[in-house]
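In each ligand, atom 1 is the first atom listed, and ligand 1 is the first ligand listed. Not measured: the values here are computed from a predicted model. These numbers come from the heavy atoms of this one structure, side chains and all, not from hydrogens, waters or symmetry mates. The residues of the chain are indexed from 1 along the displayed sequence.
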Amino acid sequence: MPNDGHAQGTSGSGLTISIDSIPQQAWAADGAGKITEVNQVICRDFGLTREAILERSWTAFVHPDDLGICLERWQNSIATGEEYTTEFRLLFADGNYRWHLARAVKIKSGENGDFWMGINSNIDGQKKNESIKDEFISVASHELKTPLTTIKGYNQLLMRMVKEPNAISFLERSSGQLHRLEKLIADLMDVSKINAGKMTLAKDTFDFTKMVKETIAGMQQLSSQHRIILEEKSEISFYGDQFRIEQVLQNFISNAIKYSPGEDRIIVSVETQQENIIVSVRDFGIGIEREHLNRLFDRYYRADNSATRFDGLGMGLFISADIIKRHGGSFWIESMPGKGSTFFFKLPLQPFESVAPQERTESYYRDKFITISCSKGSDTMLVDWVGHQDMHSVKHGGKLMIEYLGRNLCTKVFNDNRKVLGTWSEASDWAAETWLPQMELAGLRYFAWIFSPSAFSQLSAVKSVENDQKKAEISFFTDAKEARDWLSSR
Ligand code: ADP
């Protein structure tokens, strides 16, 4: 790292570039994360000299609401050497905060030690446009709601007055369409609330099974073609927002009805497992291609099979995902194109606290989610995951794997997911970015991953090792014997 006061880099052509020639905020930091250089754009934006900025910590310029996540990412990048990316608001000399996208990479420099080069691109205009769009959706949906409520009222009055059978049937149809419109507007309002971080929950203890029964009875009235069958095993009470959880269930059931035309049944099941409520809604309809499974819960995402044939805006699952996550839960899908789909969600009956180990030694660990064993003289660590997994349990188990691999000097892992039932895919980003590099640092060379039977979990597994810089050799298997043979041949 040059220390003449001007961070420089050498381009492929041998030309030396000063960071002052970069038209965006550019900075450099040493291997420990201390900022050592800032360019003229930063001095101009912050209205301070280079020396004054370096004297203060860079965190002084970051909006307090964005600081936590950006510090966490920066510290993680310093620990792992992974690229640093974050969005934050920076305080300018005029007293206003402006949104920036920060990206930094670690540069290996033999003589002077490693250092970081970073750029903060100003994305304030983009962010403002996004929020204008969100604000427009929010205002438009409120404006649409008022006349709709009035039309609905008149429609109900007419229903009571009109006796002529044809007119009654027209009014019934128009009230069906009004109901659809009402649902669309409510979804638009929810999406804008989620975007603005304003979705609030009204939590209380309620009878979960009763809620499911009532929701099914209500939904049954909307479709005479499908019989909605409830398979439920227990009486459950739950602490959460009953109205919002009902909304998730309604969304799953109405999708099941919509995407299984010509079929006659939908099966809803409610059970408790490992202190979780698991709800599933199964249909026998068009199904979903594997490549779409992971993206269905994104905003406005619609699988192309449905775009042309079925009405909808792709908001329902996005809203459902937000509601489930806010209850500490997770969701997943099993589906076969042409055969039907099962949508699951899981809600924890207890908040996830650090799980108590049932047995723990230097080379063996077991709790209700994971068993890890490293036998003496073997370079292979055996890992067995059990039941439903989510962000918390995957992080918890992943950290234990790093600890046991390093301590027992193992280089190979037999990672058995055959007893895994469903995975929250958001854990896989963490795994790819943070966990895998740390496993490699702890000594990992070969990783045999035996798939869970759940397709959603398989996708999460593949996503968990999607890291361009990975050094370990990773292979997926459906057969445990093949995995064992592969590991022993390495
Ligand atoms: P919408 O149904 O309004 O498009 P959703 O967010 O509820 O929005 O669903 C997103 C997409 O997920 C749908 O467009 C469809 O492609 C797919 N989908 C949801 N439920 C099912 C189902 N039961 N069967 C097949 N595809 C489904």
Side-chain angles (χ1 to χ4, degrees), residues 137 141 144 176-195 199 212 215-216 218-220 222-223 225-231 244-269 278-326 329-346 422 424-426 454-456 459:
I137 294 179
S141 46
L144 287 167
Q177 294 301 318
L178 283 176
H179 181 80
R180 271 184 64 189
L181 205 52
E182 216 180 3
K183 173 84 182 62
L184 279 177
I185 293 171
D187 279 357
L188 276 172
M189 287 168 86
D190 281 348
V191 169
S192 50
K193 268 192 220 151
I194 294 172
N195 290 341
M199 165 85 94
V212 174
T215 308
I216 290 179
M219 299 299 290
Q220 186 64 78
L222 299 180
S223 169
Q225 189 200 341
H226 296 84
R227 212 159 29 96
I228 309 172
I229 303 158
L230 175 62
E231 285 176 353
R244 290 294 180 186
I245 292 169
E246 244 173 67
Q247 188 179 349
V248 174
L249 191 58
Q250 281 169 357
N251 178 238
F252 281 21
I253 298 176
S254 65
N255 277 345
I257 295 173
K258 178 157 79 171
Y259 297 108
S260 68
E263 298 299 323
D264 61 0
R265 71 201 155 115
I266 283 157
I267 301 171
V268 179
S269 134
I278 317 251
V279 180
S280 68
V281 177
R282 177 167 184 204
D283 67 59
F284 301 87
I286 61 169
I288 302 155
E289 297 287 343
R290 198 182 162 100
E291 78 225 48
H292 297 297
L293 283 182
N294 250 2
R295 300 205 45 208
L296 289 187
F297 289 91
D298 291 354
R299 184 162 51 141
Y300 314 136
Y301 189 83
R302 309 195 69 220
D304 41 355
N305 63 2
S306 62
T308 46
R309 287 195 287 148
F310 301 91
D311 294 336
L313 291 176
M315 293 185 291
L317 289 181
F318 169 72
I319 299 167
S320 300
D322 190 77
I323 296 171
I324 296 167
K325 280 190 248 168
R326 274 159 191 273
S330 56
F331 44 82
W332 65 101
I333 313 165
E334 298 291 341
S335 187
M336 287 270 282
K339 294 241 154 49
S341 313
T342 310
F343 279 71
F344 296 85
F345 67 88
K346 176 180 83 114
W424 187 20
S425 64
E426 275 180 63
S454 145
F456 209 62
L459 288 168

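Side-chain polar atoms of Q250 and T215 form no donor-acceptor pair below 3.5 angstrom.
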With side chain to side chain contact (heavy atoms under 4.5 Å, CB included) as the test, would you mind laying out the steps for D190 and M315 before giving the verdict?
CA-CA 9 Å; D190 281 348; M315 293 185 291; over 6 Å; no
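Looking at S223, its side chain never comes within 3.5 Å of a backbone N or O of Q220 through a donor-acceptor pair. At distances below 3.5 Å, at least one donor-acceptor pair connects side-chain atoms of S335 with backbone N or O atoms of I288.
Using a 30° and 60° split on the angle between ring planes, W332 and F344 fall in the parallel class, below 30°.
Of all the heavy atoms of L317, the ones lying under 4.0 Å from any atom of ligand 1 are found in both the backbone and the side chain. Contact annotation: for F343 versus ligand 1, heavy atoms closer than 4.0 Å belong to the side chain alone. Contacts between H292 and ligand 1, counted as non-hydrogen atom pairs separated by less than 4.0 Å, are absent for every part of the residue.
Every atom of ligand 1 with a heavy atom of M315 under 4.0 Å away is listed here by number and element: 6 (O), 8 (O). Remark: ligand 1 atoms within the under-4.0 Å shell around heavy atoms of D283 are 22 (C), 23 (N), 24 (N). Distances below 4.0 Å separate heavy atoms of K258 from the following atoms of ligand 1: 1 (P), 2 (O), 3 (O).
For ligand 1, none of its N or O atoms has an N or O atom of I288 under 3.5 Å away.
Residue contacts with ligand 1: G314 is included, with a non-hydrogen atom under 4.0 Å away.
Taking 4.0 Å as the cut-off between side-chain N and carboxylate O, D322 and R244 do not count as a salt-bridged pair.
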